[in-house]
Amino acid sequence: MILEAIKYSNNFYLRHFFKMVYVCTIPILILSVIPLLQANLDPSSTFIFQAVLQLLSAFFQLVLISVTIMLVNDLHFNRPQSLPNYLFKSVFFIPTLFLTSLTVGLAVLAGFLLILPGIYLLGRFVFIQYVVVLEGKKFFEAFNISQHYARNKAWLYGLTIFFIVFLFIIFLSILTILLSLIFPFPDGDTIPLFIIFLLSTFTYITFQFYFCIFIYRIFLVEKKISD
C-alpha cells in the first residue's frame, strides 16, 4: 500500500502541481510572510501583537490544510472548483480542525516523551483532518472514525510519517547550508529574510502538497476497506 501511495503521489504531484500552487497561493504567501514579520519584531513589541501574528499563522495553516485536502480530492475525481469556493468553504472547517489538531498534537507530544507511543498515536490519528474536511464530521465523530480507519496499521503509518518528516528535515537542512554558501549570511548566524521566505514557501509547495496527496491516497484505500 505504501509503495502504491508513493507512485500515486509522484504522478499526481507532477500532473497537478501548478493547479495546486494557484489555488493555494494566498494562504502560502501569507504564511511565508508572517515569519518575516516575526523576525522583524522589536523586542519591545507588545505581547498582543505577537499573539495576533501567532493566531494568524495558525488560522492560515488550517486554511491551507483544508483547501489542499479539498483540492486533492476534487482533482482526484476531476471536479475542481473555483478559487473563491475553496477559500470560502475552508473557513467552516477551521473550528473543528483547530480542536482536533490541538488535541492530537498534545497527545502525540505527550506520547513522544515515551518515544514509541508518540509514533503509534501519530499513525492512529493520521486521517483525522481528512475525516473532518471530506466527511464533514465534528470533533468526537472525527476521532472515532479516523481511529477506525487506521486501527490495523497505526504503527506502520506512524513510522512512515516519522520517516518522511525526518528525511524532509535533513533535506531542508542541506538546502539551507547550500543557500548559505551561495548567499553568505552577512550577519553571521542570522538567516537573511529572503532565505527564510524561500525556505518557507518551498516547504509548503513541496512537503505540504506531497504529504497531503500521500496520506489522501492511503485514506481512500482505508475508507474503501471500512465501507
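- Residues I65 and Q129 share a closest heavy-atom pair of CD1-NE2, 3.6 Å.
- A side-chain contact (heavy atoms from CB on, under 4.5 Å) with V72 holds for exactly one of Y13, F219, Y216; it is Y216.
- Y120 and L109 are not part of a single hydrophobic cluster, where members link through side-chain heavy atoms under 4.5 Å apart.
- With values rounded to the nearest 0.5 angstrom, R15 atom CZ is found 11.5 Å from M20 atom CE.
- Side-chain contact between E135 and K223 is present, with at least one heavy-atom pair separated by less than 4.5 Å.
- Note: N144 CG to F139 CZ = 10.0 Å, rounded to the nearest 0.5 Å.
- Hydrophobic cluster membership differs between F163 and I213, with clusters built from Ile, Leu, Val, Met, Phe, Trp and Tyr side chains linked at under 4.5 angstrom.
- Between Y204 and S32, the closest side-chain pair of non-hydrogen atoms falls below 4.5 Å.
- Within the 4.5 Å cutoff, the side chain of V126 has no heavy atoms near those of the S146 side chain.
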Full working for side-chain contact (heavy atoms from CB on, under 4.5 Å) between Y130 and N73: CA-CA 10 Å; Y130 296 78; N73 184 63; over 6 Å; no
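- Residues L106 and F98 share a single hydrophobic cluster, defined by chaining ILVMFWY side chains whose heavy atoms lie under 4.5 Å apart.
- For F88, the CZ atom is loosely surrounded, since the number of other residues' heavy atoms within 6.0 Å does not exceed 12.
- R124 contributes no side-chain N or O that, together with a main-chain N or O of L121, makes up a donor-acceptor pair within less than 3.5 Å.
- Atom NE2 of residue H76 and atom CG of residue L220 lie 5.0 Å apart, to the nearest 0.5 angstrom.
- Residues L122 and G158 come closest through the heavy atom pair CD2-O, 4.0 Å.
- Interatomic distance, L31 CG to I26 CD1, rounded to the nearest 0.5 Å: 12.0 Å.
- Contact check for F211 versus I161: side-chain heavy atoms found under the 4.5 Å cut-off.
- By the 4.5 Å heavy-atom criterion applied to side chains, T100 and F125 are not counted as neighbours.
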For I164 and F207, run side-chain contact (heavy atoms from CB on, under 4.5 Å): C-alpha distance rounded to whole Å, both residues' side-chain angles, the deciding distance at 0.1 Å, then the answer. CA-CA 9 Å; I164 291 173; F207 177 76; 3.8 Å; yes
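- Across all their heavy atoms, I196 and P35 have their closest contact at CG2-CB, 4.1 Å.
- Within 6.0 Å of CG in L3 there are 12 or fewer heavy atoms belonging to other residues, nucleotides or ligands.
- Between the side chain of T160 and the backbone N or O of L156, at least one donor-acceptor pair lies under 3.5 Å.
- Crowding of F166 atom CZ: a count of heavy atoms from other residues, nucleotides or ligands under 6.0 Å not exceeding 12.
- The backbone N or O of V63 sits less than 3.5 Å from a side-chain atom of S66, completing a donor-acceptor pair.
- If you chain together hydrophobic residues whose side chains sit under 4.5 Å apart, L167 and F162 never meet in one group.
- Taking 4.5 Å as the limit, some side-chain heavy atom of V133 sits within range of a side-chain heavy atom of L97.
- When atom types are taken as modelled, the side chain of N10 and the backbone of I6 share a donor-acceptor pair closer than 3.5 angstrom.
- Residues I30 and L56 form no side-chain contact, since every pair of their non-hydrogen atoms from C-beta on lies 4.5 Å or further apart.
- Contact annotation: the side chain of I218 approaches that of I2 to within less than 4.5 Å [non-hydrogen atoms, C-beta and beyond].
- Between T68 atom OG1 and Q208 atom CD the span is 5.5 Å, to the nearest 0.5 Å.
- Judged purely by atom type and a 3.5 angstrom limit, T203 uses its side chain to pair as donor or acceptor with the backbone of L199.
- S82 contributes atom OG, which lies 9.0 Å from atom CG of L87 (distance to the nearest 0.5 angstrom).
- Y157 and F127 have perpendicular rings, their planes meeting at more than 60° on a 0 to 90° scale where under 30° would count as parallel.
- Ring centroids of Y22 and F18 are separated by 6.0 Å or more, keeping the two rings apart.
- The aromatic rings of F168 and F171 sit tilted, their planes meeting at an angle between 30° and 60°.
- By the rule that hydrophobic residues join a cluster once side-chain heavy atoms approach within less than 4.5 Å of another member, F92 and I94 end up as members of separate clusters.
- The number of heavy atoms from other shown groups lying within 6.0 Å of CZ (F17) is above 12.
- The aromatic rings of Y210 and F214 sit parallel, their planes meeting at an angle under 30°, below the 60° perpendicular limit.
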Go through it in stages, so that I can follow the logic: the residues are V67 and K89, the test is side-chain contact (heavy atoms from CB on, under 4.5 Å), and I'd like the CA-CA distance, side-chain angles, deciding distance and then a yes or no. CA-CA 8 Å; V67 168; K89 289 181 178 179; over 6 Å; no
Verdict with supporting geometry, M70 and F93, side-chain contact (heavy atoms from CB on, under 4.5 Å): CA-CA 11 Å; M70 284 189 290; F93 299 115; 3.8 Å; yes
